[in-house]
Each structure stands twice: as C-alpha cells, then as structure tokens.
Number of protein chains: 2
Amino acid sequence: MTQAGAKSPISNPTSTQAVTTADRVFEQIQYAIVEGHIPPGSKISEPELARQYQISRSTLREALNRLEKCHLIHRKANVGSRVVECTVQGLLEIYLVREALEGMACRLAAISMTDQEIADLQAVLDTHGNSQSVQQGVAYYQEEGDLDFHYRVIKGSHNQQLINILCSELYHLVRMYRCQFGMNSPRASRAFHEHQAILSAIADRDGELAEMLMRRHIAASRKNIENKLQQEGRD
Amino acid sequence: MTQAGAKSPISNPTSTQAVTTADRVFEQIQYAIVEGHIPPGSKISEPELARQYQISRSTLREALNRLEKCHLIHRKANVGSRVVECTVQGLLEIYLVREALEGMACRLAAISMTDQEIADLQAVLDTHGNSQSVQQGVAYYQEEGDLDFHYRVIKGSHNQQLINILCSELYHLVRMYRCQFGMNSPRASRAFHEHQAILSAIADRDGELAEMLMRRHIAASRKNIENKLQQEGRD
DNA sequence: CCCGTTAATATTGTCGACAATTATTGTCGA
DNA sequence: TCGACAATAATTGTCGACAATATTAACGGG
C-alpha cells in the first residue's frame with residue numbers, strides 16, 4: 001500500500017500519522033527536499049522556514065533534527081543547515097551501501113520470512129507483472145513496485161537494525177536521488193524478472209543464493225546508472 | 001583531548017572537540033550510557049537530567065536528539081525517552097549489520113586505500129603484535145587495537161555513507177554492548193592473525209577476498225558470542 | 001473487593017526572547 | 001584597485017514559561 005493517501009494526488013504523503021506538529025512539518029519539508037522544491041545544496045534559513053510554516057524556531061529545529069537523521073540535511077555548529085548535494089559519487093556510495101545491507105537483508109529474509117509473507121509478496125509481484133503488461137504508464141508503477149518489493153524483503157529480514165537503517169534513515173535519500181536524477185526505471189522488465197528470481201530463492205530458503213541475487217540486482221542498477229551518467233557527462 | 005578527562009583511564013575517545021554545550025552534554029550522557037551508569041532500559045527524565053547537568057531542557061533535548069541518532073535511546077512522542085535495552089538478539093542483529101557493511105567497506109578499502117594508509121595500518125598491526133607478546137594485559141589493548149583496526153579499514157573505504165553509518169551511528173552502540181556484556185576479547189590472538197590476513201588481501205588489492213575474510217572475521221565473533229551467551233543462559 | 005471513570009499531577013511539546021557566534025558591509029590604508 | 005580591519009547585521013544556541021498530552025491517584029458504582 002502506497003502511503004500517498006487520498007487527500008491530494010501529489011502533495012505530501014502524510015501517511016504515518018504525525019502526532020506532533022514537528023512531525024508534520026518534518027514530513028512536509030522532507031517532501032519538499034525530495035521533490036526538489038528546496039534545491040540540493042541550498043542553505044536553510046531557520047527564521048524564514050519557521051515563518052513559512054507558521055511555527056516556532058524550536059519546533060522547526062526539532063524537524064531539522066529528524067531531517068538530519070534521514071541524511072537529507074547537514075548541520076554545522078554555529079553555521080547552519082544545508083540541504084545535501086546530489087553528486088554522482090554520492091549516489092554510487094548509497095548503492096554500495098544498499099548492495100551490502102539489502103544483500104544481508106535478503107539472506108536473513110530467506111531464513112525469517114513466514115510462508116504467509118512470502119505468499120503475499122508473490123501476490124504483489126504477480127500484480128505488478130499484470131499491470132505492467134496491461135498499462136502503458138509502466139515507469140511509475142514499476143518504480144513504486146520496485147520500492148515496494150525491496151521494502152518488503154527488508155522487513156522480511158526481521159532485523160530491526162537493518163529495517164531502521166534502510167527504511168527510516170536511507171529511504172528518503174534514495175527517493176531524493178531518484179527524483180533529482182529523473183530515474184524513470186530504465187530497466188523495468190529486467191528488474192521484474194530479477195525480483196522474481198530473488199523471491200524464488202527466498203521461497204527455497206536459500207539464503208546464500210538470495211543474497212547473491214539481490215547484490216547483483218542492486219549492483220546492476222548501480223552500473224546502469226554509472227554508465228548512463230558518465231555518458232551524459234560526455235554530451 | 002577527551003573532555004571526560006582524567007576521570008577514567010579508558011575514557012571516551014570522543015576527541016572531536018565539542019564546540020557547543022549540547023555537544024558536550026551529549027558526549028557526557030553518551031559516555032554514561034555506554035559505561036552503564038545510566039542503565040539500559042531506564043527512562044530518561046528530561047527535567048531531572050537538565051537539572052543534573054545544569055542546562056536548560058531545550059539544550060538537553062538537543063543532546064537527546066544526537067543520542068537518538070546513535071541509537072542509544074528511543075523516543076516516543078508525548079511519552080519520553082528510554083535508554084535502549086541490551087538484548088542478545090539486539091547484539092546479534094548489530095553483528096549481522098556490521099558483517100554486511102564492514103565487508104563492503106573492506107572490499108572498497110582494497111580498491112581505495114592509498115599505499116601510505118596501508119603501510120600505516122601495517123605499522124599499527126605490528127605494534128599490536130609486539131605489545132601483545134610483551135604485555136600481560138592483552139585484553140584491553142587487543143580491544144582497543146580491534147576497534148582501531150576496524151576503524152581504519154572503514155575509513156579506508158573512502159565511502160562517506162559507510163563511514164558515517166559505522167563510525168558515527170553504530171560505533172557507540174557497539175561499545176555499549178561490549179561494556180554491558182563484558183566482552184573482554186575472548187579470541188585475541190586468533191583475531192590478530194585474522195586482521196593480518198585481511199590487511200594482506202587489501203595490500204594485494206584483492207577486494208573480493210578482503211570482503212570475504214572480513215565477513216568471516218565478524219561472523220566468527222558473532223558465533224563466538226552466540227555460543228558463549230547461550231551457554232551462560234544454560235547455567 | 002474489583003473495575004471503570006474522573007480529577008490531579010507530572011511530563012512532554014511549543015513558544016517567544018535573549019546571548020553568543022558568525023557573516024556581511026563599510027572604511028581605511030597601502 | 002586591492003586587501004585588511006572594524007562595526008554592523010543576521011543567524012544560531014540557549015533559556016525560562018506556557019500549553020497539550022500522558023500518567024497517576026482518588027473516587028464511586030457494581
């Protein structure tokens with residue numbers, strides 16, 4: 001289930017009910033950064049943002065702390081906050097971290113996922129496969145489907161540290177890069193088949209194979225991006 | 001220079017000079033949690049701690065935010081903060097994360113470390129080897145040496161995301177577990193030889209081997225702890 | 001005697017103001 | 001004209017107080 005909710009087609013996905021106003025503002029700014037409305041590398045003016053969101057600076061700073069936990073901004077003492085830059089190198093660094101962590105998550109998922117979880121994930125994959133062959137707007141759905149697949153495998157590891165790092169601390173940074181570099185799922189169908197192979201390995205309870213396949217899957221994405229961006233750099 | 005200062009011989013290696021008072025208090029509380037002076041699972045009273053450290057609640061909350069970034073406390077909205085629990089499962093989870101991340105770091109280190117960095121690390125290993133054969137108090141030095149070795153390899157990856165996650169966000173949690181479970185380097189000499197083998201692979205620029213050796217090295221520690229703690233549980 | 005409801009208490013979230021530090025601008029001299 | 005220094009302005013860090021929420025205690029009914 002995507003979190004976007006019914007409120008607005010595009011606007012911020014205030015899904016996880018934000019109980020406090022700092023939470024709400026955090027989600028709004030997070031969305032603005034990910035979508036690029038606050039451009040990468042730009043300085044964050046606390047008074048200005050506080051006025052913009054009609055909150056106190058204390059509350060804003062609480063929100064900034066959470067943005068920092070997501071690696072979306074950097075803070076320096078007595079200097080201020082800046083939105084992170086989106087560099088090619090930074091993107092590749094994240095993919096390497098994902099390769100390591102999601103590979104491990106996949107290995108653990110092969111051990112820890114329940115039969116029910118596996119069946120549910122297979123159903124999700126089937127749905128994506130059908131909608132992919134039917135729909136034209138493959139890119140968006142595939143993107144969502146990709147995130148959904150990875151998300152479920154990570155959760156399937158039942159390792160709280162892994163889940164926290166990947167789903168809470170790195171997730172939005174990955175989304176930011178996807179938005180900034182306009183990655184519209186260049187290798188949709190191949191990725192789909194790779195997902196299927198990974199899930200099969202998990203269903204076979206073959207942790208080693210599952211890890212290897214997930215690592216190759218992510219490494220392939222990385223290399224694909226690497227080539228694409230280097231090629232663009234040559235233009 | 002550590003601000004905790006002469007109080008304790010082992011004092012915290014948080015040498016980055018804290019420029020703001022929130023930083024200073026953060027380091028002090030962090031040290032207190034790691035050493036167990038604030039016991040795991042205990043609730044954190046903001047007014048009490050603020051009075052204890054003679055600072056305002058706002059400043060304390062800033063410090064708490066950084067403690068949360070280190071995964072040393074958990075916060076719940078409108079409820080408060082608690083020091084994390086130290087469970088066997090939690091410890092094993094961290095080791096699995098380390099296995100994945102430090103394995104990748106090691107692979108990258110084999111590519112990115114400069115000859116000078118490798119030579120320096122070799123010198124460190126030699127020092128540890130000598131002091132180990134000379135000294136009786138092997139445990140402490142080996143522990144420090146272990147942390148130092150891993151720290152340098154991680155830095156050698158030259159991957160900022162990896163470095164940040166391992167050296168800033170997980171480092172103190174690892175230290176906390178070591179203190180809480182009293183892990184006094186049970187396999188010192190074996191670990192030393194494993195370190196040497198890892199460094200050799202790095203020096204040979206063999207990333208694949210280096211990753212595999214590092215993963216085995218950490219997995220061996222994990223299994224060692226696993227056995228030990230299960231054995232204790234049987235007493 | 002136990003349990004649900006309600007009042008009292010304590011804790012957390014939010015606010016605006018002041019202090020300390022940094023960035024900017026204007027001025028002077030070479 | 002350029003660079004260094006000083007005064008100004010702006011921004012960040014810190015503080016204490018108030019509002020909103022959760023926890024605890026008291027109370028009454030069953």
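All chains are named by letter (A, B, ...) in the order of the sequence lines, taking the proteins before the strands, and each is independently numbered beginning at 1.
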Check: Can a side chain N or O of T21(B) be found less than 4.0 Å away from OP1 or OP2 on dG13(D)?
Finding: no
Next item on the list: For dG13(D), take OP1 and OP2 only and decide whether either is under 4.0 Å from a side-chain N or O of R75(A).
Entry: yes
At a cut-off of 3.5 Å, list every protein nitrogen or oxygen paired with a nitrogen or oxygen from nucleotides 16-23 of chain D, distance to 0.1 Å.
| unit_1 | atom_1 | unit_2 | atom_2 | d |
| --- | --- | --- | --- | --- |
| dG16(D) | O6 | S58(B) | OG | 3.2 |

Next item on the list: Name all residues meeting the side chain to side chain contact (heavy atoms under 4.5 Å, CB included) criterion together with E226(B); count only those two or more places apart in sequence or in a different chain, and write none if there are none.
Entry: L92(B), R222(B), K223(B), Q230(B)
Check: How many Å lie between CG on L49(B) and P on dT11(C), as a whole number?
Finding: 12 Å
Margin query: Applying side chain to side chain donor-acceptor pair (under 3.5 Å), can you list everything that pairs with Q116(B), at least two apart in sequence or on another chain?
Written below: D120(B)
Check: From L60(A) CG over to I55(A) CD1, what is the distance, rounded to the nearest 0.5 angstrom?
Finding: 5.0 Å
Checklist line | Separation of atom CD in E46(A) from atom P in dA23(C), rounded to whole Å | finding: 14 Å
Next item on the list: Report the residue (L60(A) or I44(B)) whose heavy-atom-nearest nucleotide on DNA chain C is the more 5′ of the two.
Entry: I44(B)
Next item on the list: Please determine which of L108(B), I118(B), V153(B) meets the side-chain contact (heavy atoms from CB on, under 4.5 Å) test together with M113(B).
Entry: I118(B)
Notebook entry, point to check: In whole Å, what is the span from the CD atom of E62(B) to the P atom of dT14(D)?
Noted result: 7 Å
Item checked: Atom-to-atom span, CZ of R82(A) to P of dT12(D) - whole angstrom -> 11 Å
Checklist line | Atom pair CD1/CD of I94(A) and E99(A) - distance to nearest 0.5 Å | finding: 14.0 Å
Margin query: What is the separation between atom NZ on K76(A) and atom P on dT12(D), rounded to the nearest whole Å?
Written below: 14 Å
Check: Roughly how many Å is it from CG in L64(A) to P in dT11(D), rounded to a whole number?
Finding: 14 Å
Check: Could you state the CG-P distance from N65(B) to dT14(D), rounded to the nearest angstrom?
Finding: 13 Å
Next item on the list: Figure out the CZ/P separation between R61(A) and dT14(C), and round it to whole Å.
Entry: 15 Å
Margin query: Could you write out DNA chain C as dot-bracket? Rules: Watson-Crick or G-U wobble, both distances under 3.5 Å, brackets [ ] for crossings, | for pairs with another strand, dot for unpaired.
Written below: ||||||||||||||||||||||||||||||
Notebook entry, point to check: Pairs in or reaching into residues 149-168 of chain A: which pass ring-ring contact (aromatic ring centres under 6.0 Å, His included), with residues at least two apart or in two chains?
Noted result: F149(A)-H195(A), H150(A)-H195(A), H150(A)-H217(A)
Notebook entry, point to check: What's the verdict on side chain to side chain contact (heavy atoms under 4.5 Å, CB included) for I29(B) and Y53(B), showing C-alpha distance, side-chain angles and the deciding distance?
Noted result: CA-CA 9 Å; I29(B) 301 179; Y53(B) 287 96; 3.7 Å; yes
What pairs of donor and acceptor atoms, side-chain ones from residues 77-84 of chain B against any protein atom, are under 3.5 angstrom apart with sequence neighbours left out?
| unit_1 | atom_1 | unit_2 | atom_2 | d |
| --- | --- | --- | --- | --- |
| R82(B) | NE | G41(B) | O | 3.2 |
| R82(B) | NH2 | G41(B) | O | 3.2 |

Checklist line | Out of dT11(D), dT14(C), dG13(D), whichever nucleotide has its closest atom nearest the side chain of K43(A) | finding: dT11(D)
Note to self: Set out, in order, the CA-CA distance, both residues' side-chain angles and the distance that settles side chain to side chain contact (heavy atoms under 4.5 Å, CB included) for V34(B) and R178(B), then state yes or no.
What the structure shows: CA-CA 9 Å; V34(B) 168; R178(B) 290 198 169 186; over 6 Å; no
Check: Would one find a side-chain N or O of T20(B) under 4.0 angstrom from OP1 or OP2 of dT14(D)?
Finding: yes
